[in-house]
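Only one structure is covered here, and it is reproduced in the block below.
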Amino acid sequence: MSSDSCSHNCGSCGEDCGDRSAESTFEKLNPFSSVKKVIGIVSGKGGVGKSLVTSLMAVMAQRKGLNAAILDADITGPSIPKSFGVSGRAMASQQGMLPSVSKKGTQIMSLNLISENETDPVIWRGPVIAGVVKQFWTDVVWKDVDIMFIDMPPGTGDVPLTVFQSIPVDGIIIVSSPQELVGMIVEKAVNMAAMMNIPVLALVENMSYFKCPDCGKEIKIFGESNMEKIAKKHNISLTARIPIDPQIASLVDAGNVEEVNVESLNKVLDAVIAK
Ligand code: ADP
């Protein structure tokens, strides 16, 4: 394409010219925002604890004195605001939409903070969902964010793919349940990251075991973990396990995720910070 007819918007152009680069499909961050690092939290399917890990990474980063933010891209199952006890409608200024801020200072934007009725189901098609996520990047004023965690739409379909093509993600963390680690679901997530050239920083097995409150014994409800094998196969150097913990569930349900501490995620956070 000749340089004078180039719109510099590779995302909507079919030409395969020399200037085309993967980066040029990224949407522009709001000019009043500052985001130093972006980490995506992905899973093969819903209900495995992806939102929990996203919340905990932000909570623990905040505890370390970093300015953390969460972009809730899980549009059809947005659960982040509730786990932080954040409700009500997000405000806007002339510069753009303003994220809600949790008690401890994490900036959050989620569909639940802008929809009229948070119990209304989202029955939009993929491109509309992806469009909302893009707007969370382009239209929200993210203030001095050291590290942003994106709660990605579950799966490896059209919507997560569009999000990865629109937002410059520096690395991903894959969250899985023990059952998923038996099949090919995790492998699909690993392969998606490889296709997008995004490094997988860690594999987290959630609901990995239950610790007996009386004797402290680890009970592996779903049998021996397959995680190390899969991590090795895909050259993922960091793994972490999170037990099923009723206390985590009740703190999250009560909107107090900022009081949860999961020791095993500290090394994941350190790797993310070092990235
Ligand atoms: P996803 O984002 O993958 O759909 P969530 O993080 O929303 O999954 O988790 C689903 C539910 O399971 C939530 O109610 C959450 O509080 C609970 N949960 C997740 N992980 C644990 C755990 N390790 N122990 C107890 N409850 C958990």
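What you see is a predicted model, and the numbers here were worked out from it, not measured in a lab. Counting convention: from 1, in listed order, for ligands and their atoms alike.
- Of the possible donor and acceptor atoms, none in the side chain of N112 sits under 3.5 Å from a partner among the backbone N and O of P81.
- Atom 15 (C) of ligand 1 has its closest protein heavy atom at V252 CG1, 4.7 Å.
- Residue, atom and distance of the protein heavy atom nearest to atom 8 (O) of ligand 1 are G49 N, 3.1 Å.
- Under the 4.0 Å criterion applied to side-chain N and carboxylate O atoms, K37 and D146 are not assigned as salt-bridge partners.
- Checked by distance only, ligand 1 and N206 come closer than 3.5 Å through their nitrogen or oxygen atoms.
- The residues D270 and K64 are annotated as salt-bridged, a charged nitrogen and a carboxylate oxygen being separated by less than 4.0 angstrom.
- The shortest heavy-atom distance from P154 to ligand 1 is not under 4.0 Å.
- Between V190 and V186 the shortest side-chain heavy-atom distance falls below 4.5 Å.
- Distances below 4.0 Å separate heavy atoms of I244 from the following atoms of ligand 1: 23 (N), 24 (N).
- For the pair R241 and E218, the salt-bridge criterion is met [side-chain N within less than 4.0 Å of a carboxylate O].
- Between K45 and ligand 1, no pair of N/O atoms sits closer than 3.5 Å.
- Looking only at protein heavy atoms, the nearest one to atom 25 (C) of ligand 1 is D245 O, 3.2 Å.
- Using a 4.0 Å cut-off between heavy atoms, T54 makes no contact with ligand 1 at all.
- Side-chain contact check for T25 versus S166: every heavy-atom pair is 4.5 Å or farther apart.
- Considering backbone and side-chain N/O of S51, one or more are found under 3.5 Å from N/O of ligand 1.
- The nearest protein atom to atom 14 (O) of ligand 1, hydrogens excluded, is given as D253 OD1, 4.4 Å; this is a heavy-atom distance.
- Looking at atom 26 (N) of ligand 1, its nearest protein heavy atom turns out to be A249 CB, 3.6 Å.
- Remark: minimum distance from atom 17 (C) of ligand 1 to any protein heavy atom is reached at M207 CE, 4.7 Å.
- Of all the atoms in ligand 1, the ones that sit under 4.0 Å from a non-hydrogen atom of L52 are 6 (O), 19 (C), 20 (N), 21 (C).
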> Passes side chain to side chain donor-acceptor pair (under 3.5 Å), E205 versus T239? Steps please.
Replying inline: CA-CA 8 Å; E205 185 180 66; T239 59; over 6 Å; no
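- Using a 4.0 Å cut-off between charged side-chain N and carboxylate O, R63 and E258 make no salt bridge.
- Looking at heavy atoms from C-beta onward, F136 lies out of side-chain contact with N30 at the 4.5 angstrom threshold.
- Of the N or O atoms in I242, none lie within a sub-3.5 Å distance of an N or O in ligand 1.
- In terms of protein heavy atoms, atom 22 (C) of ligand 1 is closest to P243 O, 3.7 Å.
- No side-chain donor-acceptor contact under 3.5 Å links S102 to the backbone of G85.
- A donor-acceptor contact shorter than 3.5 Å is absent between the side chain of S33 and the backbone of L29.
- Applying the 4.0 Å criterion to heavy atoms of G47 picks out, from ligand 1, the atoms 1 (P), 3 (O), 4 (O), 8 (O).
- Atom 19 (C) of ligand 1 is approached by the protein to below 4.0 angstrom, counting heavy atoms only.
- Protein heavy atoms are absent from the 4.0 Å sphere centred on atom 11 (C) of ligand 1.
- For ligand 1, the atoms sitting less than 4.0 Å from at least one non-hydrogen atom of V48 are 1 (P), 3 (O), 8 (O), numbered in the order shown with element in parentheses.
- Listed here is the closest heavy atom pair of Q165 and F26: O-CD2, 3.3 Å.
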